[in-house]
Every structure is written in C-alpha cells, then in structure tokens.
Amino acid sequence: MQNTREIAFTLNGEEVSHRVPVRQHLADFLRHELGLTGTHIGCEQGVCGACTIRVNGRSARSCLMLAVQADGCVVETIEGISQSGEIADLQHEFIQRNAAQCAFCTPGMLMTAADLIGGKEPVSRDAIRDHISGNYCRCTGYHAIVDAIESTLNKRLASDKSNPHHG
Amino acid sequence: MKAPLFDYVNATSLDQALGLLDQYGEEARIIAGGQSLMATLNMRLSQPQVLIDINSIQGLSGVRETRKDIRIGALTRHMELLESDIVKEHLPLIASAMPHVAHVAIRNRGTIGGSLSMADPAAELPACCVALDATFELSSRSGQRVVKARDFFSGLYTTERQDNEILTQITIPKCAPQQLHYFEEINRRQGDFAIVGLACTAAVKKGLMSSKRSLKALDVVIFGCEDKPTRLAQTCLHLIGTSIDKNTITAAKQKLEQELNPTANLEGRADTKLHLATVLLERALLSLARDIGTID
Amino acid sequence: MKFEGEHRIAAAREVVFSALNSPDALKHAIPGCERLVKVSDTEMEATVIARVGPVKAPFSGSCTLSNVIPPQSYLLTGEGKGAASMGRCKAAVNLKADGDETLLTYEFTAEVSGKLAQIGSRLVESSARKLANDFFETFSANIVGEDLKPASAKERSASLTIIWKLAAALCALLATFWYFSGA
Amino acid sequence: MDNQRPSDRESIIGKSVPRSALRQLVHGRGRYTDDIQLPRMLELVFVRSPLAHAKIVNINIDDALRQPGIAHIFTGADIAEICKPWNGEAAHRPNLKSAPQYPLAMEQVTWQGEPIVAILAETRAQAEDAIDHVFIDFEELPAVVDPHGALEASAPLIHPDLGTNLADEQLIEAGSPDEAFNKALHVVEADFTFGRQTGVTLEPRSVIADYNSGSRSLTVYQSHQSPFQMQDLYAQNLAIDENNVRVICPDVGGAFGVKLHIYGDEVAAVASSVLTGRPVKFVADRMESFVSDTHARDHRVKARMAVSANGRIQAFEVDDLSAVGPYGHARRFSIVEGLQTITSAAAPYKFKHYRGRTRIVYQNKNMIGMYRGVGLPIACAVGEQMVDLAAAAVHMDPLEFRRQNYIDDDMYPHTTATGIHFEQLSLHQCLTQLKALMNYDELRQEQQQQRERGIYRGIGIATFIEQTAYGSRYYGPTEARVSVQEGCTLKLEPTGKVRCLTSATEQGQGTTAGIAQIVAEELGIGVDDISVIHGDSGTTPYGGGSWASRGAAMAGEAALKAARQLQSNILEVAAALLDLAPQELTLSRSRICLKHNGQSCMELEEVAKIGHFRQDQLPADLQPEFAVTRSHVPRNDVPPYYVANGVQASYLEVDTHTGIIRLLRHWAVDDCGRILNPMIVDEQVRGGIVQGIGGALLEKCHYDLQGQMLNASMADYLVPMASEMPDIHVEHVETPTRYTQLGAKGVGEAGTIGAIGVMWCAINDALRPLGAQVKEQPFTPEVILDALKQTHQ
C-alpha cells in the first residue's frame, strides 16, 4: 500500500539516490531520511517559510513539494550553501547584528535573503522587507534581519566596485 | 499533518496525462505548481487516488507574443510572468497584479494554470483574466476547446474544466496603446489573499476637445467578495460613454452597491466588503480620470 | 452561520409538500451521494462524497425531521461526521401558497466543528449559501418536472420525500463544508 | 567581597558581543527536539475533540488498532492509570477554584482541540491514517463561550463539582475612590475589549520521551522553558524517582510563555513511553498548535479616571473580566492576567484613590496561560488610553500630561495605590529622552499639516512597567512547586577554558550569551573561552528556567557569584605558586596579573594545568577547587520582583476609507536595569514590539458561538511579517537594581507590554479630529471603519 519511488537528484552538489514514499513531502524527506535537519517545518502549509530551500536555483517551499518531485532536480539546503561559503558573509552579518534569536526561521530566512545579495544594484529597505515577507520570524523585530541583508549587499557592491574584474 | 496515501505519475507528455485523466476520472488530481494542492494534501482535505504531475511536460510553459495576442502556457510560473518583458509591455494589468501574488518562493513554483484552475475567489489572476477577456484552451483526449474566462469561473473553486481536461494555454488580447488599467487590492499583509480587490481596464474615446474625452470601454472586476470574480457589467455600462467626474463616480458607486453581493468571512462582514469595493471603484475611476485628464 | 432563502415553485403547495420520490432517485439527485437509506419515517442516513475544488472528503450523515405541519412547514436537523470533524445544520422550511404556485422559504443555520471549523472559515459561508441555493433551485425544477409527469410514485400517499430530498441536501451541505481555506 | 571590576581592561558587560550560539544556528546546525531520532521511536498523534463541550459516551479503537503500522492506542483512562492529574489551585488563594486536569480527556471534553486518544505508530503518517478509524460517541453539551454569559445563573457549569464558572474574584481598594470620583471636575470613562491571541512559536511544541524500563529512568527531550518544572512533574505525577528523571531542552524555537506550561498531550506522550517502554515523539502540527498551545488576553475592561482642572489624576477605577478556558494552568494559574491588569494599569502615575476588581471565569475554549507580558499589555493599554482621555478632557498635550502625573523622581521607593512596589523607575528621564528621539514637537506640526490635507496620522505614547524575576515571596505561598532560584556551575578546564552550566534556559533571548559575558568579565577571559551548557535538568544546577524576563537578572546573578568564587579559588592557587597573597592578584586576558600595576605573572592555563595535573607542586593543605556552584535567590526582605520601565511611541497613518493602518515610525526608550549586551537588548525590545503590534493589528483567535476556533491555521491567523513592520528606534536608560550585585532587571516582555497600548493611543489620536474612537483590539479594518461609521450616525 505504501507507494514508493526511486529518485535521483543533486543535493548540495552530490548525487543522491533514494527510495521515497510518494506521499512524503520534500522537507520531511530531507530532515528525517537524509538527516538534513537545518530545513525546518513550521506549518506544512507553505505560509511560514521555515522550510525554504532552493530547487533548480530558485527558492521553494519544501513542504509544498513532494520528495518524488525532486527527481532530476538540483536541490540546495542551508547545509549546502553554508558549506560552500556562498552566504558566509550574510551569516556573519546575521551573527554580528543578532539578526536571529531562536533561529528556527533563520535557515529559511537565509535561503530567501540569498536571492537579494547577489544583485548588482542596491536594494531599498522596503524592497528587502517585501522580499522576505513570506518568511515568518516571531522573535526579532525584522529590523536586524533587514540590517544584516542590507549591509551584506552593500559590502558586496562596494567590493565589486573596488574589484571590477571580480564579477 | 502528513498527506494521505495516493499514487503518483510523472507524466512526460500531454497525451499521457490526458490518458491518465480518462482512466482515473475524478479520482485523479493534476499537480502543477502544487502550491495550493500540496497544502490541502498536507491537511488531509482530499485523498486523490493518483496525482498526475505535469511539470515535466514540454511545451506547456512560456509567454509568447502573436500579432494580436499574448499566449501564456499553463505551466508558466508566476515568477516568469513577473519577470516577463512581454507581459510588462502588453499586459500591464497583469504586470501590476503579479507583485500581489503570494511571496517569492510560492511564485517560483506556482503556475498560472494552477491558479486559474484552483479558482480561488480572492485570487488575482482569475480576476485579471476576466477583466482582460482572456480565453482558456482546455485539452482532452477528444481534442481542444476554448472557453472565455468570463464563462470559465462558475463558482467557489469551481470552473467549467471537466475532469478529463487540462487547462493548457491562456490567450489574452494585447493591450492597445491607449488602453488604461488599474489594479488594487486591500489586504492586511502583503501577499495575502485580498479582502477585496479590483482589476480594471478601460479605453478612451477622444473628443474634439480634451475635456470631452469619454470612456469607450470599461471592464471592472471585483474579487474577494463573491464566490468568483465579479464583473460589474451594469456599473460599467452606466459609465461607458461618459467622462468621469464626481457625479458619475457617485452614481457608479451606487450601481456597484446594487450589483455586488459580497459574502461575509472573517476578514469582513458583507457590508464592510461592499464599502471597500466602492472605495476601490472610486479610486480606480479617479485614477482613470487623472489618466485621461478629466479630473486633476 | 445563519442565512435565509426563498424560491418560487410553479406547483401547488400540497403538491410540493407531498411530492414523491424514491431514495434511489434522491441518491441520483445529490452530487456525490453514494448511499441513502431511510431508517424510519423521520430518519435517514446518507453517505456523501463532497467535492469542492481540490477538496474531496467522504462524509456520513443522518437527518431527523420534526415539527411537521402538513402542508406548510417542518424542521430538518442534520448531523454529519467526517474525519476529525462534525457538522450540524437545521433548516426551517415554510411553504406558502401563492395562487397556483408555492413560495418556499427557508431559514438555514449550520454549525461545523473540529478540523472543518478550524480551517474552512474563509469560505464556509459562501459555499453553504451556494449549496442551499443550488439545491432548492434544482429541487424546484424537479418538482415542476415531476408534476407534469403521470405520477405513479405520487400515489404512495403521505410520503415526505421532498423532506428527504432536503435532508439529503443538508447532508451534502455538511459534507461540502470541507473546504480548504487557501494558502 | 571585592566588587571592583579589573581596571586594566575594558568591561565586556555592556558590549554588543555577538552570540557564539548563533554560529551553529545560522548554519542550520542547531538541534531542535524534532531533529532528534532515537532507535525504536514511535510517533504519536492525538484524536482531539471536535466539540467544545460534550460528554464522552463511548470510544471505539478496534478498527484503528488494525490499521498498518499502529503500535498502541491509549485513551484517557489508560494514561490515568499511571499518571495523576494536576490542578491549577494556589494554596494562598483558597477561593480560587480549579478542577483537576488529566493528560487526556476522561468523561467529558471541555474545549475544541482537547486531546482524547493517543495513537502510536511507526510513522506519523500512519498514525494519522488511523485517526479516521477511531470512533467516539459524544453527547454534546451547551458550550460556555462568552465571559459575561459564564456568570449567568442559567449558564451550564463546566465543572459541576466547582459549583460555579467563576474561578476567582479579586478586589483592590486604596483611599476613597467613590468620594474622589464624586468630587472630581472631570471623569472620563471607557470600555475595552481585548481579543484572544496566541503565541505562534515557529517551532511547534515538541517532546520526545525515552523511558528505560530496565533502569526505570526517564529521559525527556522537550521544547520547553523549564526543564526542572517538568522533571518535578514527571517525577510527581508518573511516580518515578526524581533522580532518575532527566529533562533536556535542546534548541528551542521560540517560547514566549507558550512553552512554560504543562500540556496534557505532552504528558500523555511521556506516559506513553512509560507504558510502552519505547521512545515516543510528539510534535504538534500547526493546526493542532492553534487549538492546544496556550492562548492569552480575552478581557473585557471598564475603566474610569477622575482628573482635576489642572490635569492631575485624582482617582482611577478598573473593572476587569476575563475568561480563561476550562482549567487553571497548574503551577502558573490562569488568574494572573486579571491580577496584573488591576495592579499595573496606570501604575506609573501618582494617584491615591483606586479601586480595581478582576473576575476570572471558566469557559469552553482553549486554555489561557502566560504569554509574553501576561496581563501587562492589557494594563498598559487601559492605563494609557485613560490617560489620553483624561489629557484630552483638560485639553493638555498627552506627553506633558504624562510628565505631570508620573511618580516624581524623589518619591522612590514607592508603593502605588494599585499595590505595586517600585524600587526606582526612570519615568521622567525616559520620557525626556523619547521626546528628543522622536522629535515630538516637529512631529505634532507635521501631523497637523497632514490633517489639513485630509491625511489622518496619529502619535501614540505609552508608558509601561514590567515586573520581572518573580521571587519566592510570590510563588512560595502558592505551594505550586515553582522554583525561583537560579544556579550556575563553573568548571575551569585544564587548558584554562571554562565550562558554564546554568539553570537558565535559552529560547533565543541571548541570556546564555549575557551569562558568558558576566563570567568572562569576572574571570578575565574571552567569551569564546567559555562554553555555556543549559537546558538539562540532569547536569545543570537546579533552577526555574527562563520566563518572566528573569534569565539575565537571576541566572546572571548566580553566574556572577560563581565566577567570583572561581576567581577567588584560582587566585588562591596562583598566589601559592607565586608566593604572593591572593589579594595582590587579579585575572586579566587569561593571565594572572599583579593588581596594583597589571603586570602579568603567569598564564591562567598554567594555573589550571597545575591545579588539575600537578597538585604535587601545591602546598599540602591547598585543595584546588576548580568547579564551583552558586545559586541566587532574591532576598526575602525585598519585593518579590524587580520593576523595569520604559516608554514607546508610534507614528502611524489611518486610511479612513479602508481602515488600513500604515506604521510609519516607532520608538522605544527602555530601562531594563544594567544592560549586559545592548545589541541583544535592542532586538529583544524590537521583537517584543513587533509581537505586540501583531496583537494590536492582526492577531485574533476567532471563535464561533459553539466554541469552535475558526482561524486555526497560519493562513487565517495573521502574524506580523516583515513588509508591514516599521523600523524601530531603541534607546536606553540604565537604572540598575540595588537588590543584586549585577543590577540587571530584565527585558524580555518590555516591547510587547507597551505595543498594544501605544498602537491604541496612536490610532485614537489619528481618529480624534473625526470624533471616532476604537474600543476593541485587534484594530482590524472593520473595527476602524465601524468606529468611523458611528460618528456619522
């Protein structure tokens, strides 16, 4: 009765194959089958944003995707983009500014914020707020999170300017 | 909560998907972006026998321009619409509605076809399609048929799509250069479904003198009030041929109150929603009037 | 939730009240009705699979009839159970003769409990209204249709089939509260 | 004792030192309860009551037991065989009535969402599959939902044995309020309705219980604020030797009081492990969180204030009615919101005549407990609204009216007419600082200019107080087995690094970072040389945990005492090695230094090494004590709490056509006593404010007349998201408490306490020229539009 499928996908740069129950959502699969517990579950309705990951380069709610749908995809989680160093500066700013308290939202928040810090233009505080408005944080006042994202982006832009061949 | 048991087929062609639909009938559910369906499954609000995943079907997504129309594949993601230059240029109403559709991660997965098929009465895209007189292409094993958006939405989460059909393409006439539009929704948080929303398009007849400009065409659609997007045909009929001024706006608001019959929910009583709809109508008309220069 | 409705039926009040039908026919008249059994003159049980948009749920219900005053009024009480939810509704139905026609008015109250109540709020009322309205419209049309037919079944006198039809509709209504509020 | 800070280096206390705990958390490498997997673990789900009030006639689990993957199914009776009920009574309040509460419902259900049956299966999905196969027959009973209705003679009794739905009633009277009101020139009156709210911690309540039937020992991993309270409860109610019960709180994803309570479902999960001998996991899903996590507020308040012609508050009266669900929360009670409301409303103001009454009733809705600020947000909102009304009555500027009526700086220590004791507040200084920070006078001009253009903006000011760190004089007489001391164990490791075991728990507040700063300061080492271990009843010293903004004040003081003792022990060893007197030495930069000139004598690491491995080098009678434990209990001769204070201001715009409120700017000047880490305190205040704004504008548990919660999902219960929230400017005043050496008072709830009041004042300030006034919170578009509509009639 338990329908399962074999899937193969790229997870944080590594090829993974696994048999999954088709009814299991991707967040549960990542957390409980693969032990990648950095992806959190806050609502299983797609509202809170705690389970945000990246699928084929775009942020996505892992509670609103079946694990079986990851077949053939490139999936990145907080563990992957932490290990690669992609958001090291953003994480540093989060720590420096205490932009995380209980930090249950933080992995999802960072996955969402990662979209913003790769750009070539400054982003207003309002636009930052809009961009992260699908990620619920109950502890902070969002202020420090906006500060951290803004500061990371500004530092990157400044370093791009001083180092024009860099990007 | 965790989803109930079901089977899953990743369809690789439209024919395969349509064949499965024929086979399973109402026991099958199509999953496109899955941004609403997955939530209903996670809440155990439905238990389909099989999910037919159409994400791998080639040729169902993308925005194309023809001489008169814009053709949008049903599998086109909200984010593609948001970023599309074609949409910005030729479908400005949709371009102004898209930032109101959910949040970035949802837009990355959610599809226009899914949103239209879901037919949430407070969603933006169904209202825009009705306002823009879009047509929907429905495919089944027995071929294709075309349904006007204005006929497609039949009620709460209910459309003219039959169990054996898939919505495959949305065709929307290009916005004429002189065409005007207005979109606004009232909600308490960005990205939420609207308490009340309004989408409208208008065209202006040029008089000999600029002050004589009048409305040649007008389509106002209210959403979030009734069980489907409400086209204010009577209200619009009343306004066409007039130039917009304080008096016509007052009269139009009265017409709206006769024409719109909102249902209460936790976001507001029926009278509150009716009031908010008149506020949006007034704002839309004032904006149009400013665009055509009849009111400063 | 409470609301009212009114339908004009092109048939005499007595005809409307005593209109006959069989449980089988009723079963076909109610969308998603899988089982419909009359357990006594005043009680009926039904199983309905409700479907609204992406939501689909089995629901089993029973209906009781009280305060029957032929040919003018009665009270229907319906109760339904689904997974982790319950529902209950009451419809006070009144028939008023208006020349050759009948004016059917109803006052409908519904209460839902459990998971249903928790998440359906955004749409419960609009769906309930729609279903009540749809039912009475279909019902009116059927009465008129039946009235024109040689009524073999009609001879089974004092049957309260119209009420059963209502009852079944109430079950369906309960069942279709299973909405997802949208995410 | 030497209270001098080492003078040759900068203090770490008071610096914005980043929290080291965040390093793992931002990498997704935290460990929350649901992240833990144990071998043979069963997943538990509950069948919950769909009805608010009903008798349970029959429960049939036969079909459910046959479903795939089902291991066990327990009913209330099964669990009750090994688990005693608990009760929200308080020994010092004999009139407080409360019924015993069992883990799972027994004969009756009393709220929608009450757990009835526990299903244990190999996977959560399988356990959920079986829910549909449990058949329960109910006999529905009329539900008590409305607080006024609960008191009517015809009201059904929720617990017939109690003979009433009235849980408790409390009266406070000071001076001669009747006389003062009769004589007063102006009396302003208002009614207030406060909606029900809930905490919505992003990590749902979670527990894993692992009972070892061989050793009869119980280990529980629980997302909770007080492992010690739960250890005591499991030992007491499940009759397990307390030395064999260990409760571990791993990383906790937000708590706010929600995770302070005793929940039937969590205890049932633990009991299930005892019954089955297997590890059992229960993680509430979001839908059940809404109908089982503790709720808060839900008050109706009437108030009036007498004011003289020259704007002096003469008398004040508050009548509060609150409904708290069907049971009192054991050990915490559910009467506290009401008591806080009548003791703290308008407490910062000087008036002599006062009457306060609170009545607390039971009803068939989810339980009310201690959520952030408890009753203080209500007290603040009522007091500040009345102050605004009084100021308007005498045509005074609301800010100046406050200044004039604040308790004067020379009046401390001061006991208010409402019965609260203030050691020392900084009301005037905070207000002065706020006025400058927000540019008050210019803002009033801007507001006036906007009004002339038909734009309605409001400026709100709200003064708040916050009782923190409740002590044994408060909880002791209740006999509620609530620990109010905190403890700290420090261990100097052989390399000179320090391990700190604190009884404080951490839900993100940064308390443990503050504690590390205290220890670092006293031992002259860096914060990175200290690792803090917390949230483990089996290893850390006994304590209360983190609640009531007490972590830094209480556990911080214990850490300070322990660090000073460890410093003394280290210096004793160093002195012996250096042949000097300990008084001549100090610790700085991980070195032993001469106190008089700072000259370095030896490395701390060297002392640690000798103390651990080369005791042979020490004098024969010297015992190196490199592990010390100290506790802190507030003295019994001082008030049972500290009081922090502050003031907030909000500038907002009301769209009078749609009722939508746009937040423009928000300011806070807060005095939480000694500040350990300003950056942490700032975001604590901001986070509290945003939570309060959520309560003010968005959050409400909607119930129907049958006691059904109608918006029990995250799509429908609106929490504040980033887009609508303003930037929040925070400044501080520091008035350390003299009751401790550290001087910290506490800050966790400050932002939330002031936010509803400040929003209320600002909205009514915006609406005042239109003659409208909102009386019901949350301030939804409909509430605003209705208030405006009334002015047209």
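Treat the numbers as computed from the prediction; the structure is a model and nothing was measured. Chain A is the first sequence line, chain B the second, and so forth, proteins listed ahead of strands; every chain is numbered from 1.
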Problem set entry | Under the side-chain hydrogen bond (donor to acceptor under 3.5 Å, both in side chains) test, residues paired with B/T111 that sit two or more places apart | none

For this session: With the side chain counted from C-beta on, respond yes when B/M43 and A/E44 share a heavy-atom pair under 4.5 Å apart, and no when they do not.
Result: no

Seminar exercise, completed: In terms of heavy-atom pairs under 4.5 Å with chain B, the winner among A/H25, A/Q69, A/R61 is A/Q69

Problem set entry | Contacting moiety of B/D7, where chain A heavy atoms sit under 4.5 Å | both

Problem set entry | B/N42 side-chain N/O to A/C63 backbone N/O, donor-acceptor pair under 3.5 Å | yes

For this session: Carefully, step by step, assess B/V104 and A/H131 under the rule side-chain contact (heavy atoms from CB on, under 4.5 Å).
Result: CA-CA 7 Å; B/V104 56; A/H131 189 83; 3.8 Å; yes

Problem set entry | Close side-chain approach of B/R109 to A/L64, heavy-atom, < 4.5 Å | no

For this session: Go through A/N3 and B/F6 one step at a time and tell me if the side-chain contact (heavy atoms from CB on, under 4.5 Å) criterion holds.
Result: CA-CA 7 Å; A/N3 293 316; B/F6 49 76; 5.8 Å; no

For this session: Work out which heavy atom in B/Q190 is nearest to a heavy atom in A/S133; give both atom names and the distance.
Result: CG-OG, 3.3 Å

Exercise. What distance do B/N55 atom CG and A/D71 atom CG have between them, rounded to the nearest 0.5 Å?
Worked result: 12.5 Å

Problem set entry | More than 12 heavy atoms of other groups within 6.0 Å of B/Q23 CD | yes

Exercise. Considering only heavy atoms, which portion of A/T112 lies under 4.5 Å from any heavy atom of chain B: side chain, backbone, both, or neither?
Worked result: side chain

For this session: Could you tell me the separation between the CZ atom of A/R23 and the CD atom of B/Q47, rounded to the nearest 0.5 Å?
Result: 8.5 Å

Problem set entry | Region of A/M111 that comes under 4.5 Å of a non-hydrogen atom in chain B | neither

Exercise. Side chain, backbone, both or neither: which part of A/Q24 has a heavy atom under 4.5 Å from chain B?
Worked result: neither

Problem set entry | Neighbour count >12 (heavy atoms, 6.0 Å) for atom CD, B/Q58 | no

For this session: Answer with side chain, backbone, both or neither: which region of A/R5 has an atom nearer than 4.5 Å to a non-hydrogen atom of chain B?
Result: side chain

Problem set entry | Value rounded to 0.5 Å, distance of CD in B/Q35 from CE in A/M65 | 9.0 Å

Problem set entry | Side chain / backbone / both / neither for A/D115 at chain B, heavy atoms under 4.5 Å | side chain

Exercise. Is chain A contacted by the side chain of B/L41, its backbone, both, or neither, given a heavy-atom distance below 4.5 Å?
Worked result: neither

Problem set entry | Side chain, backbone, both or neither of A/L66 within contact of chain B (heavy atoms, under 4.5 Å) | both

Exercise. Any idea which heavy atoms bring A/T52 and B/A105 closest together, and the distance?
Worked result: CG2-CB, 4.4 Å

For this session: Could you tell me whether the side chain of A/R58 and the main chain of B/M79 form a donor-acceptor pair under 3.5 Å?
Result: no

Exercise. Which one of A/G134, A/G49, A/A60, A/G72 has the most heavy-atom pairs closer than 4.5 Å to chain B?
Worked result: A/G134

Exercise. Side chain, backbone, both or neither: which part of A/D28 has a non-hydrogen atom closer than 4.5 Å to chain B?
Worked result: side chain

